[in-house]
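Following: one structure in structure tokens, then a few remarks.
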Amino acid sequence: MLRWLSFVVPGESDVHVEKNIFLGSAVKIELSCRLADKHSHMKILQVTWKKGNETIKHINKTEISWGIQLTVSENRKLGSYTCTVTGEKEFSVVFHLQVPQIAGREKPVVSYKGDSAILICESRSYTPIAWTWYMTNGSEQIAINDSLMLDKYVIDKADANVTHLKILKLTEEDGGTYWCEAAFELGKSKGKLKLKILSLMVPLKPFLAIVAEVVILITLIFVFELYSKKKEKRAEDEKEFDQIEQLKSEESNGVESNSARHRKV
Amino acid sequence: AFMAGVSPSPRWGWAVVGGAFLQAGLVFGGLRALGLCLGALGGSFGAQAGAVAWVGSAAIASLQLGGPLGSALSTRYGARPVVMAGGFLAGMGFLLGAFATRLSHLYLSVGLLAGLGWALVFTPSLGAVSRYFPTRRAMATGLAMAGASVVGLALGPLIPLLLDAYGWRGSLLLLAALSFNLMVAGALLRPLDVPIESPRPPPPRGQAGLRGLLHHGPFLRYALAFVLVDAGYYVPHVHGPARAQEVGCDEQRAGLVMAVTAVADGVGRVVAGLLAARPTASLLRHLFAWSVLTGLALLLLPLGTSFGGLTALALAYGFCAGAIVPLQFTGVAEVVGAGRLLHAIGLMQMFESVGSLLGIPQCSLSGWLRDLTGDFKVSFLAAGAFLLAGSLLILTLPSFFRTSQSDGSSIEGVLDPVPKGLELSSVPLSPPN
């Protein structure tokens, strides 16, 4: 039992109107175009519906819109359908019927040699029939068969809307571009992902640089502290020395007077 | 008797503030950086977002629960060795985490170990700052805590760059190296000398000090006030970007709102500290004022329905929220006396962990309210209510209406009534055993 979808798009002059319609499975669909309100009084000379160069003959006409009905049951029926309205001015509206797009990832997934990485693709709004993973080797795309290489690749098929590709024991050759392909009733769609493999040496260099900086700063702080302590100790020693000298001279004065007294007595 | 040791010059106090600034940056910045790495991390282990988020929560819990440990150890051994040890542990936590092969490894390494290291760094550092600036604690603490804002702001764009270049393992490795700089911060916390002749009674031993606080009514109310404050305080930080997008801002503008809030937060910390630095200022009254203002800002936040309006209100919130920070840690001296400041901070951290664990994204009240009502308005109103409730508790403290000096010298059992002008030479360090 096919579903019915209906789309009406108003045409505007000076603006190229396009609409993307993603179809996950076979549907019966009605596409119609009408004039935007401000042009509704324009005299219409001709309305044409085309797919590519092919003109579509059966147009459902209402007072304000012109539509076509399609049974989209196979890949051939997908494509761009254009409605052209000619009067004083010419308007056109384009419908792009296509399979759902799979979003990949712009930024590469970064992982390390010997580690494992997980690449994820999902198609939440439309459920695919099957997922296939491809790896690019040079210019070729090679399908990944996880049952053949159980200790290297694991594909998680638990959820039909999501696919996980887990790659174990990474080596440098595992880096590159991967594709996850979703198969829908009406066709296939691919998402692109990139995997970057690094060796541990790469972050190790800045790590060691920063650790060296830490050691140097700590050493400087302690050296500075010892130095300033020594300086202060020397200053205090000098003060003490002066004080002792002062006491000594006072004492010797006192002794003299004592001995003087003694002598006197 | 003449002390054969050397008293550091008063200028060294600024180096201590610098060290504390650095540590605040690396502790809270490190926490933030960890949070930013969690996404990439989870993807690599194929784990659910909720399970991965517990790594961050483990770190926060460890940091706060370890508060009393940090204060007890630094009372016994001095701040410097404890902070340096803590910095080493924090770095090791990240280092071990970089080599984790399972999520559970991360809970233990980056979660518990790094969090414990941070606990040994944070409280003792504030204690050291406090000792070097006994009459201008709020100012010095505000300057130090501003480090968290500065580093937090810098990390925002930096971490994604690191993740793109090195992945999460490399990023954790580099965060480990950065965390080792906590040892540099610790090295700056030069111990102060103890003057031999001390006319005051010996200070309470570490344990007795901590245990005594647990029976101290006003202190418990103060700590409870901050558990309430915490319940509301973090709502804008956690849900800010989502709220910004709720009112129509795109990702970039949402990021801008958060950045503006962070800057205002940093400025608020410094300004509040400066305002409270006057000797006649009552820290508790300042604290009350700022927390009421923060509560009001939260209540008004739902009114920000455009980019400009939201930014303006977020700025006000950020400024007031930042102002609370230095006053929280120095105001407690007016409640328990300056001698027990260190232990009080440690214990408060432990109590606050309760609030943090309740406020974590996985089971937060604000998230639940949002799901219930459809948008964040009620969440912010609830947050504001918590702030105001906490403020009211502060009002009930006995020291609030008593005119006292900002160093808490009129309250019980104080060890260092500080005559002005003799800032350094009469500040005692609780003598190590």
Side-chain angles (χ1 to χ4, degrees), chain A residues 105-120 154 156 158 162 164-167 170 195-226 228-237 239-240 243, chain B residues 2-9 11-12 15-16 18-19 22 26 40-47 80 83-84 87-88 91 94-95 98-102 160-191 193:
Chain A
R105 266 192 60 163
E106 261 312 305
K107 291 195 196 152
V109 174
V110 180
S111 198
Y112 287 85
K113 279 194 241 183
D115 196 7
S116 54
I118 301 185
L119 300 175
I120 306 177
V154 179
D156 178 6
V162 184
H164 294 235
L165 172 68
K166 185 167 182 177
I167 313 176
L170 289 167
L195 183 62
K196 191 163 87 168
I197 312 289
L198 298 173
S199 103
L200 217 64
M201 294 298 127
V202 175
L204 198 63
K205 276 181 266 174
F207 172 81
L208 290 174
I210 300 177
V211 170
E213 163 256 314
V214 168
V215 171
I216 291 172
L217 284 179
I218 295 179
T219 314
L220 283 176
I221 292 172
F222 280 118
V223 163
F224 177 73
E225 190 167 318
L226 282 172
S228 43
K229 272 202 182 141
K230 274 203 191 129
K231 225 171 57 167
E232 285 201 43
K233 182 146 203 299
R234 237 181 292 135
E236 284 177 2
D237 282 348
K239 245 195 335 188
E240 247 189 81
Q243 285 181 349
Chain B
F2 174 69
M3 189 66 187
V6 174
S7 295
S9 65
R11 273 177 284 140
W12 194 255
V16 172
L22 177 62
L26 289 173
L41 218 143
S44 183
F45 288 108
R80 189 193 294 202
V83 173
M84 291 184 79
F88 181 73
F94 275 100
L95 186 57
F99 294 100
T101 49
R102 276 202 213 117
L161 289 176
L162 280 183
L163 285 171
D164 286 344
Y166 299 109
W168 66 266
R169 285 189 196 272
S171 301
L172 285 186
L173 195 64
L174 291 177
L175 284 172
L178 287 175
S179 298
F180 284 127
N181 280 286
L182 285 167
M183 299 178 73
V184 176
L188 287 171
L189 305 179
R190 222 188 256 181
D193 293 316

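- With rounding to the nearest 0.5 angstrom, the NZ atom of K205(A) is 12.5 Å from the CG atom of L174(B).
- Interface check for chain A: of the options S171(B), A176(B), A165(B), the most heavy-atom pairs under 4.5 Å are formed by A165(B).
- Atom CZ of R190(B) sits about 6.0 Å away from atom CZ of F224(A), to the nearest 0.5 Å.
- Looking at K196(A), the atoms closer than 4.5 Å to chain B (heavy atoms on both sides) all sit in the side chain, from C-beta outward.
- Atom CD1 in I210(A) sits 4.5 Å away from atom CG in L178(B) (nearest 0.5 Å).
- Within a 6.0 Å sphere centred on CZ of F88(B), other residues, nucleotides and ligands contribute 12 heavy atoms or fewer.
- Of the two parts of A40(B), neither the backbone nor the side chain holds a non-hydrogen atom closer than 4.5 Å to a non-hydrogen atom of chain A.
- Residues of residues 105-113 of chain A that come closer than 4.5 Å to chain B, counting heavy atoms only, are K107(A), V110(A), Y112(A), ordered by residue number.
- In this structure, F180(B) and F207(A) have perpendicular ring planes: the angle between them is above 60°, well past the 30° mark.
- Checked against V184(B) for a side chain to side chain contact (heavy atoms under 4.5 Å, CB included), the options L220(A), V215(A), V214(A), I216(A) give a single hit: V214(A).
- Y166(B) pairs by the ring pair (Phe, Tyr, Trp, His ring centres under 6.0 Å) definition with nothing, not counting sequence neighbours.
- The part of L95(B) that comes within reach of chain A is its side chain, from C-beta onward, which places non-hydrogen atoms under 4.5 angstrom from that chain.
- Counting heavy-atom pairs closer than 4.5 Å to chain B, the top residue among A209(A), P206(A), A117(A), P203(A) is P203(A).
- Remark: E213(A) engages no residue in a salt bridge (charged side-chain N to carboxylate O under 4.0 Å, His left out) (not counting sequence neighbours).
- Counting only residues at least two apart or on different chains, the salt bridge (charged side-chain N to carboxylate O under 4.0 Å, His left out) pairs with a member in residues 169-189 of chain B are D115(A)-R169(B).
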